[in-house]
Amino acid sequence: MEGLVPLAEARAAFREELQVAADAEAAKAKADPAHVPAEPRPLRRVAGRIVQHRDLGKLVFVWLRDHTGDLQVSISKAGVSAADFELAKALDYGDIISTEGPVGRTNKGEVCVWAKSLALQCKSLAPPPGKWHGLEDAETRYRRRYVDMWATPRTMATFQARSRIVSLVRRFMESRGFQEVETPMMQPLAGGAAARPFVTRHNALDMELFMRVAPELYLKRLLVGGMPRVFEINRNFRNEGVDRSHNPEFTAMEAYEAFGDCWTMLELTESLVHEAAVEMAKGREDAGPGPALPFGELRVNYAKPFVRVTFGELFERGAGFSMFDEAKVRAEALKRHVADAAKLDHWLLVEALFEIVGEPLIDPLRPTFVTDWPSAISPLTRPRRDDPRLCERWDIFIAGMEVGPAYTELNDPDIQREKFTQQLAGIDDEESTFRTLDEDFLESLKVGIGIDRLVMLLTDSPSIRDVILFPLLKRS
RNA sequence: GAUUGCGUAGCUCAGUCGGUAGAGCAGCCGGCUUUUAACCGGCAGGUCCUGGGUUCGAGUCCCAGCGCAAUCACCA
């Protein structure tokens, strides 16, 4: 601790009446480049964490950082008390100080608060990570996010963007007449999606419980109970693998509307994603018209309308033959070494082939709705009246990622049960355990949007761990 | 779960053919009143991820384990 301000001194400097009159960004805006501050120049009181410290002898420059950005403060020996100047020289990276003084500029034009006084608010005891590399080690960034947040400005910006997006989604859904609800995270049966659940248990009730894989079953019950339009923004938990676009817990917005159809939900999703992109494009120099936002090497254009293409058309373009041609589908599946191709049902082969030959044809630069999925692989979805082989379901793909599905819920209990059982016949036992039959029926339409993936796309984040504050890691 | 890569100072990284553990920044001491990765002089700083093995000698080669990353599988 040599050279550091003694703890007792730091504690003495901690003043409860701290008043932050203006944050760093406000002070900077006050000092418009063209504007010469009138005398007497306005005093600003600012506080922040020190991210630069240059001691020139009788003049000390520091940069303060808060959630809005960085601001320079200059402390001259002649401008402050002897004690304050000693403090200024002893400051370390990571310390939090408050200071007060007139806003001005340095000879080099840098906006700057010329300190008249300063106070240490919080002493940093641990050496911070590098001042210009930021924190680059992924493991440290995820495990010690609170360090990453101030050491890496982009991290702070990403999570501020996430808050804005979630807020926008909530306001958007409310403006469309949807009511926000909360449904159980711990469920006696994990239903609503074909996924492996986490198992937990309630001791007093001596009861096995599952962390939900989807809110679907409960949201539908709310429709049965008389709420016509509901949505929930909350976590789902799936006991599956982890990769760049999968975290064991993830946030989804799921919405249900009674008596709607899936084409109105398509328009709603299109507008929602578009508006979120417009919000993110604000004040961004790298955003183009549309708006177009960068995602890695791509520039995704969110201009309305989004691309619409049918499942069958994509399949046929990729495979070279119709998905209804059972012989060709089977031959192609065998040729491409689809797992268990000999045993699987025709439509499960179509589904597998679609992923191989169809999905790659989707333009990653344009949000794309893939519509009219085969009924046989969507057992809970209402078939189209004009062609019952197809159903009222779409999925939206952006930059090669599946962001969310929507479908019209089947409301005939007998047909549903029959198709469900039928589909299970083509699936191995372990997986079928976790497909739970839905017992509540009402005509409705559903949409689910993966919030994490949407945030990834709109903030140009390559990994889902970059948009989740505390992603799951193994114990170190 | 499988494959591949990575793990060296607080941070970012070098480390050659197996031969005394290195740099920049951060830290400490000194100097400097307009710096923008400030600069100048000096000092200090190591469980080379962990455990075995080969060798006269291992950061380096071999085996096992742990963690992270990418790809694949599962899934959204």
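Side chains are part of it too, since the values below use all heavy atoms of this structure and drop only hydrogens, waters and symmetry mates. Reminder, nothing fancy here: chain letters follow the sequence lines and each chain counts from 1.
- Comparing B:G22 with B:G27, their P atoms are spaced 23 Å from each other, to the whole Å.
- Rounded to whole Å, atom P of B:G30 lies 10 Å from atom NZ of A:K89.
- Within 4.0 Å of A:D137, counting heavy atoms only, lie sugar-phosphate atoms of the nucleic acid but no base atom.
- Qualifying side chain to side chain contact (heavy atoms under 4.5 Å, CB included) partners for A:R330, counting only residues two or more places apart in sequence or in other chains: A:L334, A:L349.
- Across B:A2 and B:C56, the matching C1' atoms stand 41 Å from one another, rounded to whole Å.
- A salt bridge does not link A:K116 to A:D84: none of the charged nitrogens lies less than 4.0 Å from a carboxylate oxygen.
- Base pairing of B:G19 is made with B:C56, judged by Watson-Crick or G-U wobble geometry with both donor-acceptor distances under 3.5 Å.
- Spacing of P atoms, B:C17 relative to B:C72, comes out at 34 Å, to the nearest Å.
- Computed from coordinates, the A:H53 NE2 to B:A37 P distance equals 17 Å when rounded to whole Å.
- Comparing the C1' positions of B:C43 and B:U55 gives an interatomic distance of 38 Å, to the nearest angstrom.
- Distances were taken from every side-chain heavy atom of A:I464 (C-beta onward) to each of B:A76, B:C68, B:U33; the shortest belongs to B:A76.
- Using a 4.0 Å cut-off, some side-chain N or O of A:R143 falls inside it from OP1 or OP2 of B:C68.
- Each of A:V242 and A:R475 has a nearest nucleotide on RNA chain B; the 5'-most of these lies closest to A:R475.
- Proximity of A:R465 to the phosphate of B:A70: a side-chain N or O atom is located under 4.0 Å from OP1 or OP2.
- Side-chain to base pairing of A:D243 with B:C74: one donor and one acceptor N or O lie within less than 3.5 Å of each other.
- If you check B:A76, B:U36, B:G67 against the side chain of A:E110, the one that comes closest is B:U36.
- Under 3.5 Å, the side chain of A:S74 and the base of B:U33 form no donor-acceptor pair of N or O atoms.
- Residue A:R244 is in sugar-phosphate contact alone, with no base atom involved, counting any heavy-atom pair closer than 4.0 Å across all strands shown.
- For A:Y93 and B:A26, the ring-to-base geometry does not satisfy the stacking test (centroid distance below 5.5 Å, interplanar angle below 30°).
- Taking the six-membered ring for Trp and thresholds of 30 and 60 degrees, A:F311 and A:F354 have nearly parallel ring planes, at less than 30 degrees apart.
- Comparing B:G52 with B:C13, their C1' atoms sit 29 Å apart, to the nearest whole Å.
- When the C1' atom is compared between B:G59 and B:C49, the two are found 12 Å apart, to the nearest whole Å.
- Listed nucleotides B:U36, B:A69, B:G67 differ in distance to A:K474; the shortest reach to its side chain belongs to B:G67.
- With sequence neighbours left out, the ring pair (Phe, Tyr, Trp, His ring centres under 6.0 Å) criterion links A:W394 to A:F369.
- Taking the ring axis of A:F159 as reference, the NZ or CZ atom of A:R162 does not stay both within 45° of it and closer than 6.0 Å to the ring centre.
- Phosphate proximity of B:U33 to A:K77: absent, as no side-chain N or O sits under 4.0 Å from OP1 or OP2.
- Shown here are the ring pair (Phe, Tyr, Trp, His ring centres under 6.0 Å) partners of A:Y407, two or more places apart in sequence or in another chain: there are none.
- In this entry the distance linking CG of A:L457 with P of B:A76 reads 17 Å, nearest Å.
- Atoms CD (A:E139) and C1' (B:C66) sit 10 Å apart, rounded to a whole Å.
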Would you tabulate the side-chain donor-acceptor contacts of residues 265-273 of chain A under 3.5 Å, counting partners in other chains and residues two or more places apart, or write 'none'?
residue	atom	partner	partner atom	Å
A:E267	OE1	A:R176	NH1	3.0
A:E267	OE2	A:S271	OG	2.8
A:T269	OG1	A:M265	O	2.9
A:E270	OE2	A:F306	N	2.7
A:E270	OE2	A:R308	NH1	3.0
A:E270	OE2	A:R308	NH2	3.4
A:S271	OG	A:E267	O	3.3
A:S271	OG	A:K304	NZ	3.2

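- Of the candidate nucleotides B:A76, B:A69, B:C28, B:C28 has the atom nearest to the side chain of A:D92.
- In this structure, the nucleotide among B:A37, B:U34, B:C68 sitting nearest to the side chain of A:L56 is B:U34.
- B:G24 and B:U20: their C1' atoms are spaced 23 Å apart (whole Å).
- For A:N107, counting side-chain heavy atoms from C-beta on, the closest listed nucleotide (B:A76, B:U34, B:C32) is B:U34.
- For the salt bridge (Lys or Arg N to Asp or Glu O under 4.0 Å) criterion with A:R212, the lone passing option out of A:E254, A:E249, A:E232 is A:E232.
- With both pairing distances under 3.5 Å, B:A70 is matched to B:U3 as a Watson-Crick or G-U wobble pair.
- No engagement by A:D395 is indicated, since no non-hydrogen atom pair under 4.0 Å with the nucleic acid exists.
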### Query
Which is it for A:S378 and A:E351 under the side chain to side chain contact (heavy atoms under 4.5 Å, CB included) test, yes or no, and what are the steps along the way?
CA-CA 10 Å; A:S378 313; A:E351 188 176 25; over 6 Å; no
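- In this structure, A:P462 and A:Q72 both approach RNA chain B, and ranking their closest nucleotides by distance from the 5' end singles out A:Q72.
- No side-chain heavy atom of A:I75 sits under 4.5 Å from any side-chain heavy atom of A:L59.
- Using a 4.0 Å heavy-atom distance criterion, A:A151 is classed as making no nucleic acid contact.
- B:A9 and B:G31 are spaced 27 Å apart, taking the C1' atom of each and rounding to whole Å.
- If you measure from atom CZ of A:F237 to atom P of B:A76, you get 16 Å, rounded to the nearest angstrom.
- Atom-to-atom, CD of A:E402 to P of B:C74 comes out at 14 Å; the value is rounded to the nearest Å.
- Taking atom CG on A:L473 and atom P on B:A70, their separation rounds to 11 Å, with Å as the unit.
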What nitrogen or oxygen pairs link the protein and nucleotides 3-5 of chain B at under 3.5 Å?
none

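- Under the salt bridge (Lys or Arg N to Asp or Glu O under 4.0 Å) criterion, A:K89 pairs with A:D55, sequence neighbours left out.
- Separating the CD atom of A:E136 from the C1' atom of B:C13 is a distance of 10 Å, rounded to the nearest angstrom.
- As judged by a 4.0 angstrom heavy-atom cut-off over every strand, A:G450 is placed among residues making no nucleic acid contact.
- Pairing for B:C11 is with B:G24, a Watson-Crick or G-U wobble pair whose two hydrogen-bonding atom distances lie under 3.5 Å.
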